[in-house]
*Asks:* 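Submitted below is the structure of interest, expressed as structure tokens.
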Number of protein chains: 2
Amino acid sequence: MRTRKTATKSLACKVRITAITDTMQVLSGKWKIHILGALLQGGKMRFMDLLREIDGIAAKMLSKELQDLEMNQLITRTVVDTKPITVEYEVTEYGKTMEPIIDEIANWGVFYRNRLHGKAD
Amino acid sequence: MRTRKTATKSLACKVRITAITDTMQVLSGKWKIHILGALLQGGKMRFMDLLREIDGIAAKMLSKELQDLEMNQLITRTVVDTKPITVEYEVTEYGKTMEPIIDEIANWGVFYRNRLHGKAD
DNA sequence: TGCATTAGTTACCAATTGGAAACTAGTTTC
DNA sequence: GAAACTAGTTTCCAATTGGTAACTAATGCA
């Protein structure tokens with residue numbers, strides 16, 4: 001008889017799975033990480049700034065993803081009474097807690113590219 | 001005149017965006033992170049182990065995601081000549097470099113839950 | 001008057017994702 | 001001989017995702 005591996009069946013593992021699912025849901029979609037990344041580096045940015053800076057995103061997607069991020073309190077949306085009205089988006093303190101994740105993901109991606117090119121193994 | 005934010009237009013930012021895109025592609029889909037998580041904690045595991053441990057996954061998905069992970073060299077697949085033949089999956093050394101990402105994601109998820117329940121802000 | 005800019009919204013469409021269930025195929029146990 | 005366990009594969013379907021392009025609405029500028 002073989003000892004069955006029950007790694008994910010312990011309480012700790014279930015908590016972990018839930019935690020991972022939660023985070024991935026908050027970051028779901030093609031663009032949220034990039035929007036956060038841009039705002040983390042650029043500070044306060046306007047809608048058109050983001051539209052221009054994030055390569056390939058369409059207004060519809062940007063608008064929708066910004067709403068999601070705002071709902072999750074990772075960013076704030078502030079209407080500025082300029083003429084042409086402008087809207088400023090900014091990462092909240094809470095949103096900044098995402099930075100380590102984004103950094104790890106970016107680091108791994110660099111590592112991945114180096115491995116592909118640098119050497120076969 | 002206003003200085004345009006060009007955060008993501010620098011070379012460093014483009015590299016970062018590519019890096020993030022790469023990593024997210026390697027981890028794409030609903031299940032890869034959970035499969036890696038299970039294998040990182042459980043060590044060597046068989047197909048049916050994973051099917052049972054990862055709550056909700058169907059054989060089709062598990063099979064497909066395992067193939068993707070193997071193609072990216074994050075895991076190995078070893079056929080063991082037992083009777084009923086069994087197949088063992090294991091995280092490679094390279095695959096283990098994903099651990100910091102998965103840990104950060106799991107940590108953030110726990111933090112997120114605590115914030116939701118513990119206090120409004 | 002007409003065009004540009006601001007920040008979006010809307011409608012429509014195509015591709016991808018993922019789930020359920022049935023099926024294959026070899027071996028072993030009752 | 002039938003059922004069960006191994007590791008999948010196949011088919012078919014539904015929902016989600018995301019893209020294009022056009023449109024709104026207010027304001028400023030030539």
Side-chain angles (χ1 to χ4, degrees), chain A residues 1-6 17 20-22 24-36 38-39 42 44-72 75-90, chain B residues 1-5 17 20-21 24-36 38-39 42 44-72 75-90:
Chain A
M1 179 152 344
R2 175 164 177 294
T3 311
R4 193 165 271 172
K5 309 268 183 168
T6 50
I17 284 180
I20 289 173
T21 303
D22 284 350
M24 295 314 281
Q25 207 155 299
V26 170
L27 289 180
S28 67
K30 196 174 166 183
W31 298 109
K32 291 200 193 70
I33 278 196
H34 295 298
I35 296 172
L36 278 177
L39 287 173
K44 230 174 263 185
M45 289 177 84
R46 302 181 315 183
F47 188 85
M48 289 307 289
D49 285 334
L50 289 165
L51 199 56
R52 275 187 286 257
E53 302 305 325
I54 301 171
D55 218 54
I57 197 169
K60 185 189 94 172
M61 275 297 116
L62 179 56
S63 171
K64 190 218 144 214
E65 301 289 65
L66 285 169
Q67 281 171 31
D68 288 354
L69 291 170
E70 196 195 352
M71 252 193 296
N72 279 310
I75 62 171
T76 53
R77 177 183 181 275
T78 314
V79 177
V80 185
D81 195 13
T82 47
K83 42 277 131 121
I85 213 169
T86 54
V87 179
E88 283 178 350
Y89 292 93
E90 195 173 12
Chain B
M1 179 147 350
R2 174 164 178 293
T3 311
R4 193 164 270 170
K5 307 270 184 170
I17 286 180
I20 290 173
T21 304
M24 296 314 281
Q25 207 155 298
V26 169
L27 290 181
S28 68
K30 196 174 166 183
W31 299 110
K32 290 197 193 74
I33 278 196
H34 296 298
I35 296 172
L36 278 178
L39 287 174
K44 231 173 265 186
M45 289 178 84
R46 302 181 315 183
F47 188 86
M48 289 307 288
D49 285 334
L50 289 164
L51 199 56
R52 275 186 286 257
E53 302 306 322
I54 300 171
D55 218 53
I57 198 170
K60 186 190 93 172
M61 275 298 114
L62 180 56
S63 171
K64 190 218 143 215
E65 300 290 64
L66 285 169
Q67 281 171 30
D68 288 354
L69 291 170
E70 197 195 353
M71 251 192 296
N72 279 310
I75 62 171
T76 55
R77 177 182 182 277
T78 313
V79 177
V80 185
D81 195 14
T82 48
K83 42 277 144 106
I85 214 171
T86 53
V87 179
E88 283 177 349
Y89 293 93
E90 194 173 13

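Owing to the predicted nature of the structure, the values given are computational and were not obtained by experimental measurement. Each chain gets a letter, A, B and so on, in the order the sequences are listed, and its residues count up from 1. All values below come from the heavy atoms of this structure, side chains included, with hydrogens, waters and symmetry mates left out.
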*Asks:* For the pair made of CZ in B/Arg52 and P in D/dA4, what is the distance, rounded to whole Å?
*Replies:* 15 Å
*Asks:* Is it true that B/Glu70 and B/Arg77 have a side-chain N and a carboxylate O under 4.0 angstrom from each other?
*Replies:* no
*Asks:* Mapping B/Tyr89 and A/Lys60 to their closest nucleotides on DNA chain D, which lands nearer the 5' end?
*Replies:* B/Tyr89
*Asks:* Taking B/Lys32 first and then B/Glu65, would you say they form a salt bridge - that is, a charged N and a carboxylate O separated by under 4.0 Å?
*Replies:* yes
*Asks:* Can you work out whether A/Trp31 or B/Ser63 has the more 5'-proximal nearest nucleotide on DNA chain D?
*Replies:* B/Ser63
*Asks:* Determine the contact category for B/Gly56: base if any of its heavy atoms lies under 4.0 Å from a base atom, sugar-phosphate if only primed atoms, P, OP1 or OP2 are that close, otherwise nothing.
*Replies:* nothing
*Asks:* What is the distance, to the nearest angstrom, from the CE atom on A/Met61 to the C1' atom on C/dT16?
*Replies:* 14 Å
*Asks:* Can you tell me the distance, in whole Å, between the CG atom of A/Leu51 and the C1' atom of C/dG8?
*Replies:* 10 Å
*Asks:* Should A/Leu62 and A/Leu66 be marked as a side chain to side chain contact (heavy atoms under 4.5 Å, CB included) after you check the CA-CA gap, both sets of side-chain angles, and the distance that decides it?
*Replies:* CA-CA 6 Å; A/Leu62 179 56; A/Leu66 285 169; 3.7 Å; yes
*Asks:* Taking only N and O in the side chain of A/Gln67, is any of them less than 4.0 Å away from OP1 or OP2 of C/dT9?
*Replies:* yes
*Asks:* Hey, does the side chain of B/Ser63 reach the backbone of B/Ala59 with a donor-acceptor pair shorter than 3.5 angstrom?
*Replies:* no
*Asks:* Would you tell me if any nitrogen or oxygen in the side chain of A/Lys30 comes within less than 4.0 Å of OP1 or OP2 on D/dG19?
*Replies:* yes
*Asks:* How is A/Met48 classified with respect to the nucleic acid when contacts are heavy atoms under 4.0 Å: base, sugar-phosphate, or nothing?
*Replies:* sugar-phosphate
*Asks:* More 5' along DNA chain C: B/Lys64 or B/Ala59, using each one's nearest nucleotide?
*Replies:* B/Lys64
*Asks:* Just how far, in rounded Å, is C1' of D/dT6 from CG of B/Leu66?
*Replies:* 15 Å
*Asks:* Whole angstroms only, please: what is the CZ-P distance between B/Phe47 and D/dA7?
*Replies:* 7 Å
*Asks:* Keeping B/Ser28 on the side-chain end and B/Met24 on the backbone end, is there a donor-acceptor pair under 3.5 Å?
*Replies:* no
*Asks:* In whole Å, I'd like the distance from the CD atom of B/Glu88 to the C1' atom of D/dT6.
*Replies:* 13 Å
*Asks:* Think A/Arg46 has a side-chain N or O under 4.0 angstrom from the OP1 or OP2 of C/dG8?
*Replies:* no
*Asks:* Within this structure, what is the CE-to-C1' distance between B/Met24 and D/dG18, rounded to whole angstrom?
*Replies:* 16 Å
*Asks:* Would you mind reading off the distance between B/Leu62 atom CG and C/dA20 atom C1', rounded to a whole angstrom?
*Replies:* 16 Å
*Asks:* Tell me what B/Ala58 touches on the nucleic acid: a base, only sugar-phosphate, or nothing, going by heavy atoms under 4.0 Å.
*Replies:* nothing
*Asks:* So, does A/Gln25 get its side chain near the phosphate of D/dT16, meaning an N or O under 4.0 Å from OP1 or OP2?
*Replies:* no
